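Have a look at the structure below, then the notes.
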Amino acid sequence: MNDPQDKVVALVPAAGIGSRMGSEIPKQYLEINGVPILNITLTVLLTHPKIDVVIVALHPEDTLFHTLSQSSNPKLRTVVGGGERADSVLACLGEVEDNVWALVHDAARPCLSHEDIDKLLASRLEFPQGAILAAPVRDTMKRSNTGGTIVQTVCREQLWHALTPQLFLGSALRDNLASALRQGVTVTDEASAMEWAGNAPGLVSGNVKNIKITHPDDLKLAKLFLADEL
Ligand SMILES: Nc1ccn([C@@H]2O[C@H](COP(=O)(O)OP(=O)(O)OP(=O)(O)O)[C@@H](O)[C@H]2O)c(=O)n1
Ligand SMILES: C[C@](O)(CO)[C@H](O)COP(=O)(O)O
């Protein structure tokens, strides 16, 4: 297919330091069953037939990326990330041609499946402004005050956990993300920048196994989720 809108570029923010993990090395380089998390994530993306290129944002002082078996993959490119996740995503977007779909996925989410990537890509017909993988909230949700007591029970109807990948046309995401950051908007995911600009991204129900490895306990969970695939 020669239509640029059929092309998909995966963007992987991998320039974090993993402070909440408290590990000696950035969490994306911690291993699950002997394989660094970032390598697991990159393998999922690099082996998907619809993904033409994978662009990874690395910390300027990253010394471990070159040790990954996938680091020499010809479909892979790297850029230097920024101070926040959104800055790293914007750095990746600088490498994306206009009218190409950008599929942004956290390095720290190695349990992503090709089935979920397929679901998100197929949603472009239903959600031309873009869409994200998400998981409906199952628990009753509480909001606390700074003293740790409940101040509100948040209605859980139509409440979702935003996951990644998040899929948007690269030029629109780049322009809206750059504008939002210039305006000082807090951007913790790509959809929030698109929403800020007046778009209504779609929600595509994704597998709850697609966790973001953030705290030490998440490593054990991810190992269980990946056990039948590693
Ligand atoms: N300046 C940053 C910060 C984060 N990330 C990436 O964004 C993803 C999600 O961010 P998060 O889970 O918060 O990772 P860290 O920022 O490393 O974790 P922490 O907040 O605990 O320091 C991760 O793959 C991380 O590497 C990035 O590319 N650039
Ligand atoms: C993008 C994200 O994974 C969606 O839930 C999340 O917002 C990343 O947050 P973090 O604090 O940068 O990990």
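What's counted below: heavy atoms across the whole structure, side chains too, no hydrogens, waters or symmetry copies. Throughout, numbering of the chain's residues begins at 1 and tracks the sequence. Both counts, for ligands and for their atoms, begin at 1 and track the order of listing. Please read all numbers here as calculations on a predicted model, not as lab measurements.
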min-distance protein heavy atom vs atom 8 (C) of ligand 1 -> D106 OD1, 3.7 Å
Regarding D189 and S192, do their side chains bring together a donor and an acceptor under 3.5 Å, going by distance alone?
yes
From K212, R85, K27, residue fulfilling salt bridge (Lys or Arg N to Asp or Glu O under 4.0 Å) relative to D106:
R85
Interatomic spacing from CG in L103 to CG in L173 - rounded to 0.5 Å
11.0 Å
Hey, mind stepping through S171 and R174 against side-chain hydrogen bond (donor to acceptor under 3.5 Å, both in side chains) and telling me if it holds?
CA-CA 5 Å; S171 48; R174 181 188 61 233; 5.2 Å; no
T214, portion touching ligand 2 at heavy-atom distance under 4.0 Å:
neither
G16 to ligand 1: N or O pair under 3.5 Å?
yes
If we number the atoms of ligand 2 from 1 as shown, the ones under 4.0 Å from a heavy atom of T188 are 1 (C), 6 (C), 7 (O), 8 (C)
How far is atom 13 (O) of ligand 2 from its nearest protein heavy atom, and which residue and atom is that?
K212 NZ, 2.7 Å
Does the side chain of V44 come within less than 4.5 Å of I117's, by heavy atoms?
yes
So does M194 get a backbone contact from the side chain of N199, meaning a donor-acceptor N/O pair under 3.5 Å?
yes
Does a sphere of radius 6.0 Å around CD in Q129 hold more than 12 heavy atoms from other residues, nucleotides or ligands, not counting ones at 6.0 Å or beyond?
yes
What part of E84, side chain, backbone, both or neither, has a heavy atom within less than 4.0 angstrom of ligand 1?
backbone
Could you list the atoms of ligand 1 found under 4.0 angstrom from a heavy atom of G83?
1 (N)
Looking at CG of D175 and CG of L169, how far apart are the two atoms once the value is rounded to the nearest 0.5 Å?
11.0 Å
Straight-line distance of T41 OG1 to R109 CZ, nearest 0.5 Å
10.5 Å
Just verifying a value: how many Å separate S71 OG and L58 CG, rounded to the nearest 0.5 Å?
10.0 Å
N/O to N/O below 3.5 Å, does that happen between R85 and ligand 2?
no
Return the closest protein heavy atom for atom 20 (O) of ligand 1 as residue, atom name and distance.
R20 NH2, 3.0 Å
Those atoms of ligand 1 less than 4.0 Å from some heavy atom in I17:
17 (O)
Proximity to ligand 1 by part of S88, non-hydrogen separation under 4.0 Å
side chain
Just checking E115: does its CD atom have more than 12 heavy atoms from other residues, nucleotides or ligands closer to it than 6.0 angstrom?
no
Which atoms of ligand 1 have any heavy atom of K212 under 4.0 Å away?
12 (O)
Subset of ligand 1 atoms that lie under 4.0 Å from at least one heavy atom of A108:
24 (O)
Should the proximity of R109 to ligand 2, defined as any heavy atom under 4.0 Å, be assigned to the side chain, the backbone, both, or neither?
side chain
Suppose I only count heavy atoms of D106 and a 4.0 Å limit; which atoms of ligand 2 are within that range?
1 (C), 2 (C), 3 (O)
Tell me which one of L133, L163, T164, N207 satisfies side chain to side chain contact (heavy atoms under 4.5 Å, CB included) with L112.
L133
Examine distances only and state if a side-chain atom of Q28 and a backbone atom of A108 form a donor-acceptor pair shorter than 3.5 Å.
no
Give yes or no for whether the N/O distance cutoff of 3.5 Å, strictly under, is met between I213 and ligand 1.
no
Among all the protein's non-hydrogen atoms, which is closest to atom 4 (C) of ligand 2, and how far away is it?
A162 O, 3.4 Å
Does a sphere of radius 6.0 Å around NZ in K223 hold more than 12 heavy atoms from other residues, nucleotides or ligands, not counting ones at 6.0 Å or beyond?
no
Close approach of R20 to ligand 2, heavy atoms, under 4.0 angstrom
yes
Nearest neighbour of atom 7 (O) of ligand 1 from the list H105, R109, M21, R85, on a heavy-atom basis:
R85
Taking N or O atoms only and a 3.5 Å limit, does S19 qualify as a polar contact for ligand 1?
yes
Tell me which protein heavy atom sits closest to atom 28 (O) of ligand 1, plus the residue, atom name and distance to 0.1 Å.
A15 N, 2.9 Å
Within the 4.0 Å heavy-atom cut-off, what K27 brings close to ligand 1 is side chain
Just which atoms of ligand 2 are under 4.0 Å from any heavy atom in D189?
1 (C)
Nearest neighbour of atom 1 (N) of ligand 1 from the list A107, G18, G82, on a heavy-atom basis
G82
Check contact between A14 and ligand 1, using heavy atoms of the residue and a distance below 4.0 angstrom.
yes
Write out the residue and atom name of the closest protein heavy atom to atom 23 (C) of ligand 1, then the distance separating them to 0.1 Å.
P13 O, 3.7 Å
Let's go through L177 and V89 carefully: what are the C-alpha distance in whole Å and the side-chain angles of both, what is the deciding distance for side chain to side chain contact (heavy atoms under 4.5 Å, CB included) to 0.1 Å, and is it a yes or a no?
CA-CA 9 Å; L177 182 54; V89 172; 3.9 Å; yes
